[in-house]
Asks: 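Questions regarding the structure given below will be posed in turn.
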Amino acid sequence: MLQVAHIQEEKQAILESLEKRGFPNPAETLDRVLALDKERRETQFQLDSIKAESNKLSKEIGMLFKSGKKDEANAAKAKTGELKEQSKELGEKFSSVEHELQDLLYTIPNKLHPSVPAGFTADDNEEVRAHGTPPTLHEGAKPHWDLIKEYDIIDFELGVKITGAGFPVYKGKGARMQRALVNFFLDQATEAGYAEVQPPHVVNEASGYGTGQLPDKEGQMYELVDEKLFLIPTAEVPITNLYRDVIVDGTALPIKNVGFTPCFRREAGSWGAHVRGLNRLHQFDKVEIVQVRKPEESYQALEEMCAHVEGLLQKLELPYRVLRLCGGDIGFTSALTYDMEVYSTAQERWLEVSSVSNFETYQSNRLKLRHRVGDKKTELLHTLNGSALALPRILASILENNQTPEGIRVPEVLVPYTGFSMIN
RNA sequence: GGAAAGGUGGCAGAGUGGUUGAAUGCAUCGGUUUUGAAAACCGACGUAGCUUUACGGCUACCGAGGGUUCAAAUCCCUCCCUUUCCGCCA
């Protein structure tokens, strides 16, 4: 979340950023934050003074008892009553003000990077660059939901039987393709200097708060009600939370991690033709890259991460474009996000396969993820992450773009991983 | 799931309800010594909030949250976690 000090110092910029996002009543909200913070400080000052007085008195009473001056001690004791009451009252006020402030801060999204374009819908996203040309397909080319049936590599009906809609079963060469892609992505990331981690696929509430899924976005996650745990919607959550409450040793920076996990999303309210097939699932596989950076390096890191993702797409021979998300489309916690979209020729539409974001200090403020500057002072670090890559839509694009009358051609870089070059 | 013992600073490990934010050791940093290093010796060494131009001062924190008390690391309650033994088991 935003730091109150930042809201104080950069109020105008944050106000403009909130307007760009279409945040309701931005000015009132910021004013309320500042007023609550002022009240918090004033209350704390009063509370601390009362406590200081009361601590002092207690010590005196202790001394009096020790030196056997019982009467004086008891007299002093009588004086503590009022202090106690005041301290209790102020304590309650303090925590209520603090909670209100905290709750309000949770509702305020991250400040946008100046380069974020204006606009409120996906149409307003800015195309930064594009690469490759969509292939010309043969007569009778099909969307992937037909191809997977034809070659019997993914079975939705079977998934419905054992779980429900949106939980496909991968079979045969389909399963092998998935595993090949995962291994390819992990190897590529490792080569690029990311250290592999295998985090839990279930996280607690504190982790949900750390990366910004909680509060408010519970609805997107599957919850284990008895345990108050959540199935991860992305590996971002457990991997970034590895660094919760950590003061990172300077020599450990930058931190670069990669992890492969399944991702679980309820996707409540999603429906229609554009969610058909592999386009949107409740469970899917993803390889995620995460970086923890010094503030001054984070935007350079963001570009590096984009370059890494683009390298993967190029190696897979997929035509893609890079979008800079507009104020209305960008995520709550992000300052700047690039989406990578692959053109799916058979569906004649762009499919988002990666989202690369810089959260600046928005997550680290919640995570208390810091490093030391100079001898004593600590400073919040910047967190970043990106999909590298999400599997289902990549698979869909490969199936659709590489189809031939004889079968589906496996991209060359994957052949060592699949052990076959055609799905037929 | 059952039983027991625990959770204290980066680590190890003391702590009788009262000047205990917490002994001591290790680690780390600075200094003295040394040709250099080691050793030895001296010193520094938690996080956060509030306050102060500054030096500093105050407050909170000994797993988490409550409670008792003038006063809690220390006593009580609830929860979480760890270890060991038993049970079950990939």
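Order of the sequence lines fixes the chain letters, A, B, ..., with proteins taken first and strands second; residue numbering starts at 1 for each chain. When reading the values below, keep in mind they use all heavy atoms of this one structure, side chains included, and skip hydrogens, waters and symmetry mates.
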Asks: Please state whether the rings of F264(A) and Y222(A) are parallel, tilted or perpendicular, taking 30° and 60° as the class boundaries.
Replies: perpendicular

Asks: Taking everything shown except K171(A) itself, do over 12 heavy atoms lie less than 6.0 Å from its NZ?
Replies: yes

Asks: Could you tell me how far A5(B) sits from G10(B) if I compare only their P atoms? Round to whole Å.
Replies: 29 Å

Asks: A12(B) and G7(B): how far apart are their C1' atoms, nearest whole angstrom?
Replies: 15 Å

Asks: In whole Å, measure the gap between the P atoms of C26(B) and U16(B) for me.
Replies: 24 Å

Asks: Generate the contact string for nucleotides 56-81 of chain B. Rules: B means base contact, S means sugar-phosphate contact only, - means no protein heavy atom under 4.0 Å.
Replies: --SSS---------BS----------

Asks: Which dot-bracket string describes RNA chain B (Watson-Crick N1-N3 plus N6-O4 or O6-N4, or G-U N1-O2 and O6-N3, all under 3.5 Å; [ ] crossing; | other strand)?
Replies: ((((((((.[[[..)..(.....]]].(((((.......))))).((((((....)))))).[[[[[..)....]]]]])))))))....

Asks: Please measure how far the C1' atom in G15(B) lies from the corresponding atom in U20(B), and state the result in whole Å.
Replies: 9 Å

Asks: Between G25(B) and G9(B), how far apart are the C1' atoms? Round to whole Å, please.
Replies: 13 Å

Asks: In whole Å, I'd like the distance from the CG atom of D37(A) to the C1' atom of G49(B).
Replies: 11 Å

Asks: Please work out which residues in residues 195-214 of chain A have a non-hydrogen atom less than 4.0 Å from an atom of RNA chain B and list them by number.
Replies: none

Asks: Would you kindly give the NZ-to-P distance between K38(A) and C50(B), to the nearest whole Å?
Replies: 14 Å

Asks: Any side-chain donor-acceptor pair under 3.5 Å between E360(A) and Y299(A)?
Replies: yes

Asks: In terms of side-chain geometry, is the basic nitrogen of K51(A) or D48(A) positioned less than 4.0 Å from the acidic oxygen of its partner?
Replies: no

Asks: Given atom CG of D245(A) and atom C1' of G46(B), what is their separation to the nearest angstrom?
Replies: 14 Å

Asks: Give a yes or no on this: more than 12 heavy atoms of other residues, nucleotides or ligands lie within 6.0 Å of atom CD of Q314(A).
Replies: yes

Asks: Under a 4.0 Å N-O cut-off, is there an ion pair linking K286(A) with E288(A)?
Replies: yes

Asks: For the backbone of E236(A) and the side chain of T240(A), can you confirm whether one donor and one acceptor N or O come within less than 3.5 Å of each other?
Replies: yes

Asks: Less than 4.5 Å apart, any side-chain heavy atom of V373(A) and any of T378(A)?
Replies: no

Asks: Between G43(B) and G49(B), how far is it from one C1' atom to the other, in whole Å?
Replies: 29 Å

Asks: Is E379(A) salt-bridged to R370(A), going by a charged N under 4.0 Å from an acidic O?
Replies: no

Asks: Taking atom C1' in both U34(B) and U83(B), what distance in whole Å separates the two?
Replies: 48 Å

Asks: Does the side chain of E317(A) pick up a donor-acceptor pair with the side chain of N401(A) at under 3.5 Å?
Replies: no

Asks: Taking all non-hydrogen atoms of both residues, which atom of C326(A) and which atom of T121(A) are closest, and how far apart?
Replies: SG-O, 3.3 Å

Asks: Rounding to an integer number of Å, can you tell me how far R370(A) CZ sits from G46(B) C1'?
Replies: 11 Å

Asks: Return no unless some side-chain N or O of R40(A) is found under 4.0 Å from OP1 or OP2 of C50(B).
Replies: yes

Asks: Quick one: is G10(B) close enough that its OP1 or OP2 comes under 4.0 Å of any side-chain N or O from R372(A)?
Replies: no

Asks: Going by the angle between their ring planes, with limits at 30° and 60°, are Y362(A) and F332(A) parallel, tilted or perpendicular?
Replies: perpendicular

Asks: For the P atoms, the ones on A64(B) and on C80(B), what distance do you get once it is rounded to whole angstrom?
Replies: 15 Å

